[in-house]
Amino acid sequence: MLNYDLHSHSTVSDGTLSPDALVRRAWSKGVEVLALTDHDEVAGYSRALDAAGKLGVKLLAGVEISVTWGRQTVHILGLGIDPENGMLLRGLAQLREYREWRGEEIGRRLEKAGIVSAYEGALRYRKGDLLTRTHYGRFLVGSGAVETMQDAFKKYLLRGRPGYVGGRWATLGEAVGWIHSAGGAAVVAHPARYGMTRTKLRSMLGEFIEHGGEGLEVVSSSHNGNEIRTMGQHAIQLGLAASRGSDFHDPGNRWVELGRLPAIPRGCEPIWERVELGGYSATPTKISVGG
Ligand code: AMP
Ligand code: MN
Ligand code: MN
Ligand code: MN
């Protein structure tokens, strides 16, 4: 089976490698099919195509859409999308507009909590146009306010902490709709990371399926062996296809590497077998999403 890594970030969102450097690293780690899935933005795809074509890495256009479900933020991956689809692009542009306001609001709140020039500080860590909590985290570590990214999130950026701003992202239905309108497959990212009870997770996945969502990211760098098994069982019971993605952001994080992931558990149907994710590789052709 090919080495699929269907979740990764570049400098277009909160990754530290440019889109083409990301492709080169994926190639050097043995990845054969890579999806670039920046948060709420698809602009990295065209910048990564050249490197992918030269190295023979099959590159899928992707996106990781921020969704508000109840009081929670959930991430929905769009895989094999047409990065020029108007409906998708308009939806993502709205999210980025909210993100801009929210980025400044996080800064104002951190300022009140005693972090001087937080917004300007976070901007210094931004390499694209998009500002995320990751950039605030890097600034908090870089300025010595905290020692690790984990501490930055735990002390300042998670819900209930001074820099947290409750999300007003897309709805689940909007995210799945935009992805489908762009010809892609919708996959719930890192499902074990939401801290949901089993009941709550099943209810969210039920809604996701009603909207026509296809997949669950069973294998993720942020899942331990137990979580992979549990999420694999959810996928099988609910008839969702299984995806595999590192959620790579930064070569400096030695716990997360491109392409270095366990296989999809036995009994799960890989998303690439259920759905043809072929379309938008080096030579754009029409995509087809099967049932
Ligand atoms: P945002 O979309 O601005 O809320 O930022 C979310 C990003 O923050 C995620 O995609 C992760 O890259 C990062 N993140 C979230 N939680 C943590 C955590 N506990 N430690 C490190 N990074 C995190
Ligand atoms: Mn991220
Ligand atoms: Mn995510
Ligand atoms: Mn991600």
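When a ligand or atom number is given, it counts from 1 through the structure's own listing order. One is the number of the first residue; the rest follow in order along the sequence. Heavy atoms only: backbone and side chains are in, while hydrogens, waters and symmetry mates are out. Only a predicted model underlies this, so the values are computations on that prediction, with no experimental measurement involved.
Here the angle centred on the Mn ion (ligand 2), running from NE2 of His249 over to NE2 of His39, is 120°, rounded to 10°. Here the Mn ion (ligand 3) is the vertex; the NE2 atom in His190 and the ND1 atom in His75 give an angle of 110° (to 10°).
Between Ser66 and ligand 1, not a single N/O pair is under 3.5 Å apart. Inclusion of Asp14 in the set of residues having an N or O under 3.5 Å from an N or O of ligand 1 is warranted.
Residues Val63 and Trp178 are not in side-chain contact: their nearest non-hydrogen atoms beyond the backbone lie 4.5 Å or more apart. Side chains of Trp27 and Lys54 form no contact here, defined as non-hydrogen atoms less than 4.5 Å apart. Between His249 and Val256 the shortest side-chain heavy-atom distance does not fall below 4.5 Å. Asn253 is not listed as a side-chain neighbour of Met149, based on a closest heavy-atom distance of 4.5 Å or more. The shortest side-chain heavy-atom distance between Tyr164 and Arg109 does not fall under the 4.5 Å cut-off.
The atom of Glu64 nearest to the Mn ion (ligand 3) is OE2, with the search restricted to N, O or S atoms. Of all the N, O or S atoms in Asp14, the one closest to the Mn ion (ligand 2) is OD2.
A side-chain donor-acceptor contact under 3.5 Å links Ser8 to the backbone of Ala35. Looking at Tyr136, its side chain does come within 3.5 Å of a backbone N or O of Gly107 through a donor-acceptor pair.
Checked for salt-bridge contact, Arg96 and Glu100 miss the test: no charged N lies under 4.0 Å from a carboxylate O. Look at Arg108 and Glu105 and you find a salt bridge, because one of the NZ, NE, NH1 or NH2 atoms lies within 4.0 Å of a carboxylate O, short of that distance.
Close approach to His249 involves these atoms of ligand 1, each under 4.0 Å from a residue heavy atom: 12 (O). In the vicinity of Thr132, heavy-atom distances shorter than 4.0 Å reach the ligand 1 atoms 3 (O), 5 (O). Taking every non-hydrogen atom of Thr134 and a distance limit under 4.0 Å, the qualifying atoms of ligand 1 come out as 7 (C), 8 (O), 11 (C), 12 (O), 13 (C).
Residue contacts to the Mn ion (ligand 3): His7 brings no N, O or S atom closer than 2.8 Å. Taking backbone and side-chain atoms together, Asp247 has no N/O/S atom less than 2.8 Å away from the Mn ion (ligand 3). Between the Mn ion (ligand 2) and His9 there is no N/O/S contact shorter than 2.8 Å.
Between His190 and His75, the distance separating the two ring centers is shorter than 6.0 angstrom.
Residue, atom and distance of the protein heavy atom nearest to atom 18 (C) of ligand 1 are Phe153 CG, 3.5 Å. Atom 19 (N) of ligand 1 has as its closest protein heavy atom Gln150 OE1, 3.5 Å.
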Derivation of the side chain to side chain donor-acceptor pair (under 3.5 Å) call for Ser220 and His223: CA-CA 5 Å; Ser220 162; His223 289 174; 4.7 Å; no
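With a 4.0 Å cut-off on non-hydrogen atoms, Lys154 does not touch ligand 1 at all.
Look at Arg102 and you'll find a heavy atom under 4.0 Å from some atom of ligand 1.
Of the listed residues (His39, Glu64, Arg99, Arg133), the one carrying the non-hydrogen atom nearest atom 2 (O) of ligand 1 is Arg99.
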